[in-house]
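Along the sequence shown, residues are numbered consecutively beginning with 1.
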Amino acid sequence: MAAGRRQGGGGRARTPEAVTAPVDGGLAELRPDRERPRGWSLLVDGAPQSHVDLDDPAHLDFSYQRRLGHIVDLAAPPGRPLQVLHLGGGALTLARYTAHTRPRSTQQVIELDTALTELVRAELPWDRGWRIKVRGGDARAGLAKLPEGWADLVIADVFGGARTPAHLTSAEFLAEVRRVLRPDGTYAANLTDGGALAFLRTQIATVRAAFAQVCLAADPAVLRGRRFGNLILLAADHELPVAELTRRVASDPHPGRVEHGRALADFAGGAAVVTDATAAASPPPPPAVFD
């Protein structure tokens, strides 16, 4: 889900019609992008979920997507194929980006909303030569079915009713992520929070308990609690490319900040690790976020 900002740009206006359809999660809308001839935004019940440019899979319109794109870029040397697991599919923006920038990558997408997947498949088709397999079902249940050490990269970007489901926020969930990752693998999660950032602090504590290295990328206004928005957690048992990620995030059209090490630990402020018994969904966004 995108609670963050889009990247501006020029281009000739056009007037294709929006597409709406009921899906399992509500009412989906594919809204044409006036600035990009074959660009489309996906919204569910008015909440922005994804943006896709069918002519340019490397274009990432939302700032949170660009931050995840940086993680894909930095997960291995340029061009090397990866095995990627996407928990949450939406319009498959990151899977398309990975297939385009890392040819011959093998990707699995687990998306609960099968009606949404069929809508995207029909209206925003992807290259059939890409090694992308989309499976319907719950993200954690699908994760449990994957073999140990399968993935180079796991990206969690799952929202139900604009909230991250509780069962995808716990230490037990992260233990399954670790099982599926290779020893040199990387985990990334898109979260949303605002205000006092209590949910984010518990997620930092939980991820820091599971992985040796963790960093956080977000809009400074979100980190200061001034607005609700997206935050990206990156974790691994190897050293993270913090310096290069910091440079890329800071040079974005909507510059962000990266926190790690002692500063990130202090930011968590002694928050408790989340377990299945204590897990709660992320907070709902204020109505004004999607106005």
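- Taking each heavy atom of Thr192 and Ala162 in turn, the nearest pair found is OG1-O, 4.4 Å.
- At distances below 3.5 Å, at least one donor-acceptor pair connects side-chain atoms of Arg201 with backbone N or O atoms of Ala196.
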Test side chain to side chain contact (heavy atoms under 4.5 Å, CB included) applied to Leu191 and Asn230, step by step: CA-CA 6 Å; Leu191 308 171; Asn230 296 80; over 6 Å; no
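- Taking NE2 of His254 as the reference point, atom OH of Tyr64 lies at 14.5 Å (rounded to 0.5 Å).
- With hydrophobic clusters built from ILVMFWY side chains whose heavy atoms lie under 4.5 angstrom apart, Leu216 does not share a cluster with Leu245.
- At least one donor-acceptor pair closer than 3.5 Å links the side chain of Arg178 to the backbone N or O of Ala210.
- Between His70 and Val249 the shortest side-chain heavy-atom distance falls below 4.5 Å.
- In this structure, Pro165 and Val158 have side chains that are in contact, with non-hydrogen atoms separated by less than 4.5 Å.
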Test log, rule side chain to side chain contact (heavy atoms under 4.5 Å, CB included), inputs Val207 and Leu174: CA-CA 7 Å; Val207 174; Leu174 290 177; 3.8 Å; yes
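- A donor-acceptor distance shorter than 3.5 angstrom exists from the side chain of Asp113 to the backbone of Gly25, with no hydrogens or angles considered.
- Placement of Val84 and Ile232 within a single hydrophobic cluster is found when ILVMFWY residues are connected by side-chain heavy-atom separations under 4.5 Å, directly or transitively.
- Distance check, rounded to the nearest 0.5 Å: CD of Glu244 to CZ of Arg247 gives 4.0 Å.
- Between the Glu172 side chain and the Thr275 main chain, no donor and acceptor come within less than 3.5 Å of each other.
- Taking the side chain as every heavy atom from C-beta outward, Val222 and Leu200 never approach each other to under 4.5 Å.
- The line from OG of Ser105 to OH of Tyr97 is 11.5 Å long, rounded to the nearest 0.5 Å.
- A salt bridge does not link Asp56 with Arg38: every distance from a Lys NZ or Arg NE/NH1/NH2 to an Asp or Glu carboxylate oxygen is 4.0 Å or more.
- Remark: Gln213 CD to Leu264 CG distance equals 11.0 Å, nearest 0.5 Å.
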Evaluation steps, salt bridge (charged side-chain N to carboxylate O under 4.0 Å, His left out), between Arg248 and Asp73: CA-CA 11 Å; Arg248 294 187 183 207; Asp73 293 344; 3.1 Å; yes
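- For Arg102 (side chain) and Ala76 (main-chain N/O), a donor-acceptor pair under 3.5 Å exists by modelled atom type.
- Side chain of Gln107 to main chain of Ala95: a donor-acceptor pair is present (N/O by atom type, distance under 3.5 Å, no hydrogens or angles).
- The distance from the OG1 atom of Thr93 to the CG atom of Asp157 is 9.0 Å, given to the nearest 0.5 Å.
- Across Ala268 and Ile204, no two heavy atoms sit closer than the pair CB-CG2, 3.8 Å.
- Nearest heavy-atom pair, Ala91 versus Leu42, reported as atom, atom and distance to 0.1 Å: N-CD2, 3.8 Å.
- Once rounded to the nearest 0.5 Å, the distance linking OG1 of Thr98 with CG of Leu153 reads 7.0 Å.
- For Arg31, the CZ atom is loosely surrounded, since the number of other residues' heavy atoms within 6.0 Å does not exceed 12.
- For the pair Ala156 and Tyr187, the tightest heavy-atom approach, listed with the atom from each and the gap, is CB-OH, 3.7 Å.
- Between Asp266 and Arg262 there is a salt bridge, since a side-chain N of the basic residue sits under 4.0 Å from a carboxylate O of the acidic one.
- Minimum heavy-atom separation, Trp40 to Pro16: CH2-CB, 4.4 Å.
- Applying side-chain hydrogen bond (donor to acceptor under 3.5 Å, both in side chains) to Gln108 and the options Lys133, Arg135, Arg131 leaves one that passes, Arg135.
- Criterion: ILVMFWY side-chain heavy atoms under 4.5 Å apart, direct or through other members. Under it, Val109 and Leu54 are part of a common hydrophobic cluster.
- Judged purely by atom type and a 3.5 angstrom limit, Arg140 uses its side chain to pair as donor or acceptor with the backbone of His167.
- Of all heavy-atom pairs between Phe228 and Gly194, the closest is CD1-N, 3.7 Å.
- The number of heavy-atom neighbours closer than 6.0 Å to CZ of Arg226, taken from other residues, nucleotides and ligands shown, is 12 or below.
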Start with the C-alpha distance between Gln65 and His51, add both sets of side-chain angles, then the distance that settles side chain to side chain contact (heavy atoms under 4.5 Å, CB included), and finish with yes or no. CA-CA 9 Å; Gln65 291 179 334; His51 180 279; 4.3 Å; yes
Verdict with supporting geometry, Val180 and Lys145, side chain to side chain contact (heavy atoms under 4.5 Å, CB included): CA-CA 9 Å; Val180 170; Lys145 295 176 182 177; over 6 Å; no
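- Under a 4.0 Å N-O distance rule, the pair Asp61/Arg36 does not qualify as a salt bridge.
- In this structure, Arg179 contributes its side chain and Leu146 its backbone to a donor-acceptor pair below 3.5 Å.
- With hydrogens and angles ignored, the 3.5 Å screen pairs a side-chain donor or acceptor of Thr206 with a backbone N or O of Thr202.
- Under a 3.5 Å cut-off, the side chain of Gln83 and the backbone N or O of Trp150 do form a donor-acceptor pair.
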